[in-house]
Amino acid sequence: FRDFLFYRLNRSLIKFRKFLFRGNEVENNKQQEHVTKQIICNALLVEDDEICRKLLENQLIQLGYQVEIAKNARTAIQFLNSTFYNLVLTDLGLPDQPGEAVIQAARKCEFNQSTPLIVCTAHADGKVEQECLVLGADQVLIKPILAKNLQQAIDECLLMQGYRRK
């Protein structure tokens, strides 16, 4: 009978240790997740339409980006020449210059030559999309853009960076 009790006590201790270890594992995962969320990724959003800008800004914030906004190409080019970004999203129909100027500027400047660049536009056919890709865009998305489509495009850009850009 004493051996049986000893056996049951050992089994209970083993289960308890597993429970404690699993609890520590969950706590460690939470700590790692917290550290990961503290890493700041900067995104430049170039959009002149207020509704589209707010929508895309909120989507980027939900994806963990700190968003800087440019409402025209001139401001965007100034930002690109002075700041490194982890991601650039640009519209094509900007008030002062076409969005293609932003793509070209990003690919010419030292800071953002290899930064993932996604074009977001409401007016893109196959020809416009191909022109953007030739200029250096990584993806072209048609508005309105769903959060899951934006996330997928960003993921694809990040996967391409290793072999596509210098």
Side-chain angles (χ1 to χ4, degrees), residues 27-166:
E27 187 64 33
N28 287 340
N29 287 342
K30 285 181 182 177
Q31 288 173 354
Q32 288 174 350
E33 188 177 305
H34 179 70
V35 169
T36 303
K37 286 182 181 178
Q38 288 180 344
I39 297 172
I40 297 173
C41 294
N42 295 319
L44 175 61
L45 174 59
V46 187
E47 176 63 65
D48 61 320
D49 182 75
E50 186 176 353
I51 295 171
C52 291
R53 187 172 56 244
K54 290 286 186 191
L55 178 69
L56 288 169
E57 180 182 16
N58 287 335
Q59 289 176 352
L60 288 169
I61 290 170
Q62 290 296 316
L63 294 173
Y65 287 89
Q66 182 176 340
V67 182
E68 191 159 8
I69 295 173
K71 297 178 183 178
N72 58 51
R74 184 179 55 80
T75 305
I77 292 168
Q78 288 174 347
F79 287 162
L80 287 167
N81 287 321
S82 63
T83 307
F84 169 77
Y85 293 99
N86 302 98
L87 177 68
V88 176
L89 265 72
T90 185
D91 185 17
L92 289 181
L94 299 170
D96 58 342
Q97 297 178 51
E100 289 88 346
V102 175
I103 299 170
Q104 290 174 324
R107 294 307 175 223
K108 288 180 183 176
C109 84
E110 286 184 46
F111 291 118
N112 296 291
Q113 274 183 337
S114 60
T115 299
L117 194 148
I118 300 173
V119 172
C120 304
T121 185
H123 312 287
D125 56 14
K127 181 181 175 189
V128 171
E129 181 176 349
Q130 192 59 37
E131 287 174 5
C132 291
L133 295 173
V134 167
L135 288 173
D138 294 302
Q139 294 277 331
V140 178
L141 297 177
I142 308 298
K143 294 177 188 174
I145 299 167
L146 299 174
K148 68 178 183 176
N149 294 345
L150 180 59
Q151 176 68 61
Q152 182 180 0
I154 292 169
D155 290 345
E156 288 175 9
C157 288
L158 294 174
L159 290 174
M160 289 188 319
Q161 295 307 307
Y163 65 88
R164 188 163 174 206
R165 300 262 182 243
K166 293 180 181 179

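Predicted, not measured: the structure shown is a model, and the values here were computed from it.
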Contact summary for Asp138 and Pro116, nearest pair of heavy atoms: OD2-CA, 3.2 Å
Value rounded to 0.5 Å, distance of CD in Gln104 from CG in Leu80: 12.5 Å
Flag, side chain of Asp96 to backbone of Ala73, donor-acceptor distance under 3.5 Å: yes
Leu89, Val88, Leu133, Leu92 screened by side-chain contact (heavy atoms from CB on, under 4.5 Å) with Val119, the one that passes: Leu92
Point-to-point distance, once rounded to the nearest 0.5 Å, from SG of Cys120 to CG of Leu56: 5.0 Å
All pairs passing side chain to side chain donor-acceptor pair (under 3.5 Å) where residues 84-94 contributes a residue, at least two apart: Glu68-Tyr85, Asp91-Lys143
Distance (rounded to the nearest 0.5 Å) between Ile69 CD1 and Arg53 CZ: 6.0 Å
Modelled atom types, side-chain donor and acceptor of Glu156 and Gln152, under 3.5 Å: yes
Spacing of Glu47 atom CD and Lys54 atom NZ [to the nearest 0.5 Å]: 12.5 Å
Any donor-acceptor N or O pair under 3.5 Å, side chains Asp155, Gln151: yes
Sub-4.5 Å side-chain heavy-atom contact between Val102 and Leu44: no
Expected output: side-chain Asn112 to main-chain Thr115 donor-acceptor under 3.5 Å: no
Asp48 bridged to Arg74 by N-O distance under 4.0 Å: no
Neighbour count above 12 (heavy atom, 6.0 Å) for Leu146 CG: yes
Which atom of Phe111 lies closest to which atom of Thr83, heavy atoms considered: CB-O, 3.8 Å
Residue pair Cys109 / Gln113: nearest heavy atoms and the distance that separates them: O-CG, 2.9 Å
Inter-residue atom distance Cys41.SG - Leu63.CG, 0.5 Å rounding: 10.0 Å
Donor-acceptor contact present, side-chain Thr75 to main-chain Lys71, <3.5 Å: no
